Amino acid sequence: DNKGNILSANPATVAILGEAAGRGTPLVSLLPSLTDLNLKQCIDLGLTMPHEVAIGERYFQFTIHGIPELKIGQIYGTDITQLRQREELQARFELVFDSVADGVYVTDTDLKVILWNHGAERITGWSAGDAIGKPCAAFLAKEDELGNRLCGTPLCPLRFASSVTE
């Protein structure tokens, strides 16, 4: 309601917020992070506001939608725990990937660069922005023991490596 109390909660809400999520319970008592939001204003003006919150070990993205005609607000939630975990893992990977002193790059199956670390920038002089999206043969000149160019040819070691893993 426009005082911030719960009017009704479905079973999923009770599963997330607990048995206390019943009629008349102040929403901010269950989600203290909502304290900074003006729920009354959201309802009175018919605003829609996103709100992300951690509850225990899980993350939720809530959408708060005010309905001024009924003087109520509706809250919809989505569990985004897996998304947040992937983002955290990606951030850790990027930290390690960029801290490796060696030049490391990753290509897709078309041998276009999709990742390029700081070591590769230092060694080659190519920035990640310049390298990513281009075929690695455009700036790498891998040759065999006779001086024959391998990059961009059927003898490319990366092309061979990708065909082994497919």
Side-chain angles (χ1 to χ4, degrees), residues 1-122 124-136 138-139 162 165-166:
D1 64 17
N2 62 2
K3 293 179 184 151
N5 296 320
I6 296 174
L7 293 177
S8 68
N10 66 17
T13 302
V14 173
I16 294 167
L17 298 177
E19 292 297 325
R23 184 176 184 86
T25 303
L27 189 57
V28 295
S29 70
L30 303 174
L31 294 172
S33 60
L34 291 176
T35 303
D36 295 337
L37 298 177
N38 187 333
L39 295 176
K40 182 176 180 345
Q41 182 181 32
C42 176
I43 292 169
D44 291 345
L45 299 177
L47 302 176
T48 299
M49 298 185 296
H51 185 71
E52 188 174 314
V53 64
I55 301 173
E57 297 290 318
R58 296 165 62 194
Y59 297 91
F60 294 89
Q61 174 67 53
F62 291 109
T63 300
I64 303 161
H65 178 70
I67 306 171
E69 301 82 13
L70 300 176
K71 294 185 176 19
I72 64 168
Q74 291 181 322
I75 300 179
Y76 304 94
T78 302
D79 187 337
I80 58 169
T81 304
Q82 288 182 339
L83 173 65
R84 287 292 163 259
Q85 289 170 339
R86 280 193 302 271
E87 289 172 347
E88 290 170 9
L89 184 61
Q90 178 70 27
R92 280 188 245 137
F93 167 78
E94 289 173 6
L95 179 66
V96 171
F97 185 76
D98 277 337
S99 65
V100 174
D102 295 330
V104 180
Y105 66 97
V106 177
T107 66
D108 62 15
T109 55
D110 294 325
L111 302 182
K112 290 184 180 175
V113 174
I114 57 174
L115 295 172
W116 188 263
N117 78 347
H118 292 302
E121 288 181 351
R122 182 180 46 77
T124 66
W126 284 73
S127 72
D130 291 335
I132 292 175
K134 293 188 176 58
C136 59
F139 45 84
S162 68
T165 59
E166 289 176 358

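Keep in mind the model is a prediction, meaning the values are calculated, not measured. Keep in mind that the numbers below use all heavy atoms, side chains included, and drop hydrogens, waters and symmetry copies.
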Open item on the list: To the nearest 0.5 Å, what is the distance between OH on Tyr76 and NE2 on His65?
Closed with: 6.5 Å
Open item on the list: salt bridge (charged side-chain N to carboxylate O under 4.0 Å, His left out), that's the test. Do Asp79 and Arg58 meet it? Break it down for me.
Closed with: CA-CA 7 Å; Asp79 187 337; Arg58 296 165 62 194; 3.1 Å; yes
TODO: Using the side chain to side chain contact (heavy atoms under 4.5 Å, CB included) rule, take Lys112 and Thr107 through it: C-alpha gap first, then chi angles, then the decisive distance, then the call.
DONE: CA-CA 5 Å; Lys112 290 184 180 175; Thr107 66; 6.0 Å; no
Task: Leu39 and Ile64, any side-chain heavy atoms less than 4.5 Å apart - done: yes
- [ ] For Val104 and Phe97, work out which heavy atoms get closest and say how close.
- [x] CG1-CE1, 3.3 Å
Open item on the list: So, taking the atom named OG in Ser8 and the one named CZ in Arg23, what distance separates them when rounded to the nearest 0.5 Å?
Closed with: 7.5 Å
TODO: Start with the C-alpha distance between Thr63 and Thr48, add both sets of side-chain angles, then the distance that settles side chain to side chain contact (heavy atoms under 4.5 Å, CB included), and finish with yes or no.
DONE: CA-CA 7 Å; Thr63 300; Thr48 299; 3.5 Å; yes
Task: Pro68 to Gly46 - nearest heavy-atom pair and separation - done: CD-CA, 3.5 Å
TODO: Determine whether Ser33 and Val53 make a side-chain contact, defined as any pair of heavy atoms from C-beta on separated by less than 4.5 Å.
DONE: yes
Task: 4.5 Å side-chain heavy-atom contact, Trp126 and Trp116 - done: yes
TODO: Look up atom CD1 in Ile6 and atom OG1 in Thr25, then write down how far apart they are to the nearest 0.5 Å.
DONE: 5.0 Å
- [ ] To the nearest 0.5 angstrom, please state how far the CD atom of Glu94 sits from the CD atom of Gln90.
- [x] 4.5 Å
TODO: Measure the spacing between CD1 of Ile16 and CZ of Phe62 and express it to the nearest 0.5 Å.
DONE: 5.5 Å
Task: Non-hydrogen atoms of Arg122 and Ala101 that approach each other most closely - done: NH2-O, 2.5 Å
Task: Heavy-atom check, side chain of His51 versus side chain of Leu37, under 4.5 Å - done: yes
- [ ] Kindly determine whether Arg92 and Leu89 satisfy side chain to side chain contact (heavy atoms under 4.5 Å, CB included), including the steps that lead there.
- [x] CA-CA 5 Å; Arg92 280 188 245 137; Leu89 184 61; 4.2 Å; yes
Task: Any Phe93 side-chain heavy atom under 4.5 Å of Leu115 side chain - done: yes
TODO: Would you check if Val14 and Glu19 make a side-chain contact, meaning some heavy-atom pair closer than 4.5 Å?
DONE: yes
- [ ] Show your working on side chain to side chain contact (heavy atoms under 4.5 Å, CB included) between Ile55 and Phe60 and close with a plain yes or no.
- [x] CA-CA 8 Å; Ile55 301 173; Phe60 294 89; 3.8 Å; yes
Open item on the list: Does any part of the side chain of Leu31, heavy atoms only, come nearer than 4.5 Å to the side chain of Leu17, both counted from C-beta?
Closed with: yes
Task: Nearest-0.5 Å distance that lies between atom CD in Gln74 and atom CD1 in Ile72 - done: 5.5 Å
Task: Ion pair check, Asp44 and Lys40, cut-off under 4.0 Å - done: yes
Task: Nearest heavy-atom neighbours spanning Ile75 and Leu27 - done: CD1-CD2, 3.0 Å
- [ ] Verify, without hydrogens or angle tests, whether Lys71 (side chain) and Ile67 (backbone) share a donor-acceptor contact under 3.5 angstrom.
- [x] no
Task: Side-chain heavy-atom pair Gln61, Pro50 within 4.5 angstrom cut-off - done: yes
TODO: Provide the closest heavy-atom pair for Leu30 versus Ala20 in the form atom of the first, atom of the second, distance.
DONE: CD2-CB, 3.8 Å
